[in-house]
Amino acid sequence: MASSDPKGGLLSTQTEKPNHYTYLKEFRVEQCPSFLQHKCNQHRPFICFNWHFMNQRRRRPVRRRDGSFNYSADNYCTKYDETTGICPDGDE
């Protein structure tokens, strides 16, 4: 989150707890290497931090210099491929 600066700018401060911040930024953005080797103990009931199937994959949210994000979680990707689980918008 950002707070207002009396001089008109924005101060960038992390107000989330580190564990929460990690989940917001990293949860299911990388594929599980153990699952690829058929050795993930957390596959069922899908409690693994990483993704196993493409439809579980998340894009990492990135804040740009102008304050916007690389994609909006509120807007469905119009280019989303249901078969692969890939959305080219926001996958920078």
Side-chain angles (χ1 to χ4, degrees):
M1 285 214 159
S3 60
S4 294
D5 181 356
K7 296 179 183 174
L10 290 177
L11 294 175
S12 180
T13 58
Q14 182 178 328
T15 58
E16 296 290 338
K17 294 179 181 177
N19 189 32
H20 294 176
Y21 185 75
T22 299
Y23 266 88
L24 288 170
K25 188 176 177 189
E26 304 292 334
F27 182 69
R28 292 204 173 148
V29 297
E30 301 291 336
Q31 188 170 26
C32 175
S34 297
F35 182 75
L36 291 174
Q37 299 171 358
H38 306 285
K39 296 180 180 179
C40 182
N41 298 346
Q42 300 176 342
H43 174 56
R44 287 193 170 85
F46 303 105
I47 57 173
C48 185
F49 186 80
N50 297 308
W51 61 270
H52 292 172
F53 304 104
M54 284 298 287
N55 65 352
Q56 296 174 325
R57 179 179 171 265
R58 289 179 63 241
R59 292 172 285 166
R60 180 177 282 116
V62 177
R63 183 171 239 160
R64 297 181 180 133
R65 287 181 175 222
D66 67 1
S68 67
F69 284 92
N70 57 328
Y71 71 94
S72 171
D74 295 327
N75 298 323
Y76 186 77
C77 176
T78 57
K79 300 174 188 173
Y80 181 76
D81 184 332
E82 296 283 344
T83 306
T84 64
I86 295 174
C87 178
D89 292 342
D91 267 355
E92 290 112 30

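Residues take their numbers from the sequence shown, with the count starting at 1. Please read these numbers as outputs of a predicted model, since none were measured by experiment.
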Nearest 0.5 Å, please: how far is NZ in Lys17 from CG in Leu24?
13.0 Å
How far does CG of Asn50 sit from CD of Gln31, to the nearest 0.5 angstrom?
9.0 Å
side-chain hydrogen bond (donor to acceptor under 3.5 Å, both in side chains) with Gln42: which residues, sequence neighbours excluded?
none
side-chain hydrogen bond (donor to acceptor under 3.5 Å, both in side chains) filter on His43, not counting sequence neighbours, yields His52
Donor-acceptor check, side chain of Arg57 to backbone of Trp51, threshold 3.5 angstrom: yes or no?
no
Calculate, to the nearest 0.5 Å, the distance between atoms OG and CG belonging to Ser34 and Asn41 respectively.
7.5 Å
Looking at CZ of Phe46 and SG of Cys40, how far apart are the two atoms once the value is rounded to the nearest 0.5 Å?
10.5 Å
Any side-chain to backbone donor/acceptor pair from Arg63 onto Phe69? Under 3.5 Å, distance only.
no
So, Arg60 side chain and Glu30 main chain: donor-acceptor pair closer than 3.5 Å or not?
no
